[in-house]
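See below for the structure under consideration.
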There are 2 protein chains.
Amino acid sequence: MGRPREFDTDRAVHGAMEIFWRNGYVATNLPDLLNAMGLTRGSFYKAFKDKETAYLAALDRYDEAVVSKAVQALETCESDDPETCFSVLFSSSKDVRRGCFICNAMVELGPDNPSVAQKANAMAERLRKAILGVLVKRDVVGSAKNAVTTADLILHLYFGHQAIGKGGENLGDWQTHLHGLLGQN
Amino acid sequence: MGRPREFDTDRAVHGAMEIFWRNGYVATNLPDLLNAMGLTRGSFYKAFKDKETAYLAALDRYDEAVVSKAVQALETCESDDPETCFSVLFSSSKDVRRGCFICNAMVELGPDNPSVAQKANAMAERLRKAILGVLVKRDVVGSAKNAVTTADLILHLYFGHQAIGKGGENLGDWQTHLHGLLGQN
DNA sequence: GGCATTAGGAACCAATTGGTACAATACAAA
DNA sequence: TTTGTATTGTACCAATTGGTTCCTAATGCC
C-alpha cells in the first residue's frame with residue numbers, strides 16, 4: 001500500500017557505488033550523489049537514512065557486483081596458468097582511474113569508520129580466499145603455508161597496483177610481476 | 001623591514017603535513033589545518049595562497065623529511081640481507097594508521113589533480129630507485145631487468161601494505177612476503 | 001469514492017565551507 | 001620619532017554543506 005517507488009532501488013545504489021567509487025566519500029556532495037542515483041532529496045532520505053548509510057550500501061553493492069564477479073572468475077578459471085586467472089584482477093585498471101573501491105575506502109575511511117573498515121576487510125578477505133583457491137587448485141606452491149603467504153602477497157600487490165594506478169603514469173608491468181612471483185615456486 | 005613572522009614556517013608546514021597525511025585533503029578543514037599549523041587565518045593566507053598550496057607544500061615536506069629518510073636508510077644500509085634493509089619501509093605502519101602519504105595522495109587526488117599526481121609519482125620514483133639500489137648492490141637478482149621488476153614489485157607491495165594497514169586488521173606478514181620474494185631469486 | 005499509507009519534490013534550515021577585508025601591530029630604516 | 005612595510009588577528013562574506021519539513025501525488029484496501 002502507499003505510493004509506489006518511481007525509482008529503481010538497485011539502479012540507485014549502483015549509481016551511488018559508481019560515484020563514491022570514483023570520487024570518495026567526503027568529496028561526493030549530496031547534489032552529485034542524488035544525480036548519480038537518479039532521485040531527489042525527499043526520496044533519498046526516505047529510502048536511506050543519510051549519506052553514510054548510502055555509502056555503506058554502495059560498498060555492499062560493490063561486494064555483490066564487482067567482488068563477487070572477480071571471485072567467481074577466479075573460481076571458475078579454466079586455465080592451467082595462474083597468471084591468466086589473475087589477469088582479471090589487474091587488467092581493468094587504467095580505464096577510468098577509479099582504482100579499487102575496497103582500497104579507496106580503506107585509505108579514506110579505514111582508520112575512522114569501523115563499519116567501513118569491517119566491510120572493506122571482509123571484501124579483501126573474500127578476494128584473498130579466491131586467490132588462494134587458484135593457487136592450491138593448481139598446486140602452484142609447495143607447502144600450504146607457502147600458498148597462504150603467496151595469496152596474501154598477490155592481494156597486497158593488487159592493492160598497491162590499484163593505488164599507484166590512480167596516480168597515473170608508471171603502472172608497472174603486473175604480468176612480469178606475477179610471472180616472477182609464480183614462476184619460481 | 002616590516003613586522004617579523006611570529007611563527008616558524010618549517011614547523012607550520014610540518015603541522016600541515018601531519019594533518020593532511022592523517023586525514024586527507026578534503027576531510028581537513030581550515031580551522032583544523034590552522035590549528036595544526038599553529039597560525040591564524042590572516043597569516044595563513046599571507047604565507048600560502050590557499051588550502052591546495054599548503055597541501056602541495058605538505059607533500060614537498062613529506063618528500064624532504066620522510067621519503068628522504070627512507071631513501072637514505074636504504075642507501076646506507078649495511079646489512080647483507082636485503083630484507084633487513086627493506087624493513088624500514090614496512091615496520092612503522094601500525095602505529096598511527098596514517099598510512100603512506102604518497103599512497104593516500106594518489107588515491108584521493110591522483111586522478112583529479114595533476115600537480116598532486118606528479119609529486120606523488122616523483123616520490124614513488126625515488127623510492128623505486130632506492131629499492132632497486134638495495135637489490136643491485138647485493139646482486140640479489142640475476143639479470144638487471146629482473147632487478148628492476150623486483151624493485152617495482154616491492155614498491156607495489158609497499159603501497160598495498162600501507163593501504164591495507166589503514167583498514168585495520170590482517171596486515172599480513174611482510175617479512176614472510178619479502179622472504180618468499182627474495183629467497184628464491 | 002473515501003482513507004490510510006507511502007513516495008516525490010521543493011522550500012527551507014542551521015552550520016560549516018574556503019576565502020577576504022581591514023584595522024591594529026611590530027619591526028627597520030630614515 | 002616618523003615613515004614605510006610586512007604580519008597578525010578578527011570580523012565578515014557568499015556559497016555550499018548535509019539534513020528536515022511539509023505539502024502534493026499516487027497507490028491499495030475498505
Side-chain angles (χ1 to χ4, degrees), chain A residues 1-61 104-105 108-109 112-116, chain B residues 1-61 104-105 108-109 112-116:
Chain A
M1 50 180 118
R3 179 175 174 174
R5 289 238 164 110
E6 290 180 7
F7 68 91
D8 181 353
T9 306
D10 258 21
R11 198 170 286 275
V13 176
H14 191 84
M17 178 192 77
E18 298 234 291
I19 196 168
F20 279 134
W21 183 3
R22 175 60 173 79
N23 296 337
Y25 180 73
V26 241
T28 302
N29 57 18
L30 243 343
D32 290 349
L33 176 60
L34 263 28
N35 183 56
M37 297 179 76
L39 38 75
T40 60
R41 273 180 140 76
S43 309
F44 175 82
Y45 280 102
K46 281 248 162 55
F48 308 86
K49 202 176 126 278
D50 52 16
K51 188 184 168 187
E52 184 185 347
T53 306
Y55 185 82
L56 294 173
L59 274 181
D60 285 338
R61 171 77 183 186
N104 299 353
E108 185 185 4
L109 303 173
D112 299 310
N113 190 318
S115 307
V116 171
Chain B
M1 53 180 117
R3 178 175 177 172
R5 287 240 163 109
E6 290 179 9
F7 68 92
D8 181 353
T9 306
D10 259 20
R11 197 170 287 276
V13 175
H14 191 83
M17 178 192 77
E18 298 233 292
I19 196 167
F20 279 136
W21 182 1
R22 174 60 172 78
N23 296 338
Y25 180 73
V26 240
T28 302
N29 58 18
L30 243 344
D32 290 349
L33 175 61
L34 262 28
N35 182 56
M37 298 178 78
L39 38 74
T40 60
R41 273 183 138 76
S43 308
F44 175 81
Y45 279 102
K46 277 250 158 51
F48 307 87
K49 201 175 127 279
D50 52 14
K51 188 184 169 187
E52 184 185 348
T53 305
Y55 184 82
L56 294 174
L59 274 182
D60 284 338
R61 170 79 183 185
N104 299 353
E108 184 185 4
L109 302 172
D112 298 309
N113 190 320
S115 307
V116 171

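Source: prediction; values computed, not measured.
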Side-chain donor-acceptor pairs under 3.5 Å in residues 27-48 of chain B, sequence neighbours left out?
{"from": "B:Thr28", "atom 1": "OG1", "to": "B:Gly24", "atom 2": "O", "distance (Å)": "2.6"}
{"from": "B:Asn29", "atom 1": "OD1", "to": "B:Asp32", "atom 2": "N", "distance (Å)": "3.1"}

Subject >> Residues in side chain to side chain donor-acceptor pair (under 3.5 Å) contact with B:Asn23, at least two apart in sequence or another chain >> reply: none
**OP:** Do nucleotides 18-28 of chain D as a string where each nucleotide becomes B, S or -: B if the base has a protein heavy atom under 4.0 Å, S if just the sugar-phosphate does, - if no protein is that close.
**Re:** BBB----BBBS
Original post:
How would you list, by chain and number, every residue that makes a salt bridge (charged side-chain N to carboxylate O under 4.0 Å, His left out) with B:Glu52, sequence neighbours excluded?
Top reply: none
Original post:
Taking the side chain from B:Glu108 and the backbone from A:Glu108, do they hold a donor-acceptor pair closer than 3.5 Å?
Top reply: no
**OP:** Ignoring backbone atoms, establish whether B:Ser43 has a side-chain N or O less than 4.0 Å from OP1 or OP2 of D:dT8.
**Re:** yes
Original post:
Taking only residues two or more places apart in sequence, or in another chain, which ones meet A:Thr9 in a side chain to side chain donor-acceptor pair (under 3.5 Å)?
Top reply: A:Arg5
Subject >> Where chain A begins and ends its contact with DNA chain C, read 5' to 3' at 4.0 Å from heavy atoms >> reply: C:dT5 to C:dA11
Original post:
Under the side chain to side chain donor-acceptor pair (under 3.5 Å) rule, what pairs show up with a residue in residues 10-22 of chain A, not counting sequence neighbours?
Top reply: A:His14-A:Arg61, A:Glu18-A:Arg98, A:Arg22-B:Asp112
**OP:** Only counting residues at least two apart or in another chain, list the ones meeting side chain to side chain donor-acceptor pair (under 3.5 Å) with B:Thr53.
**Re:** B:Asp50
Subject >> Which residues share a side chain to side chain donor-acceptor pair (under 3.5 Å) with B:Asp60, sequence neighbours left out >> reply: B:Lys119
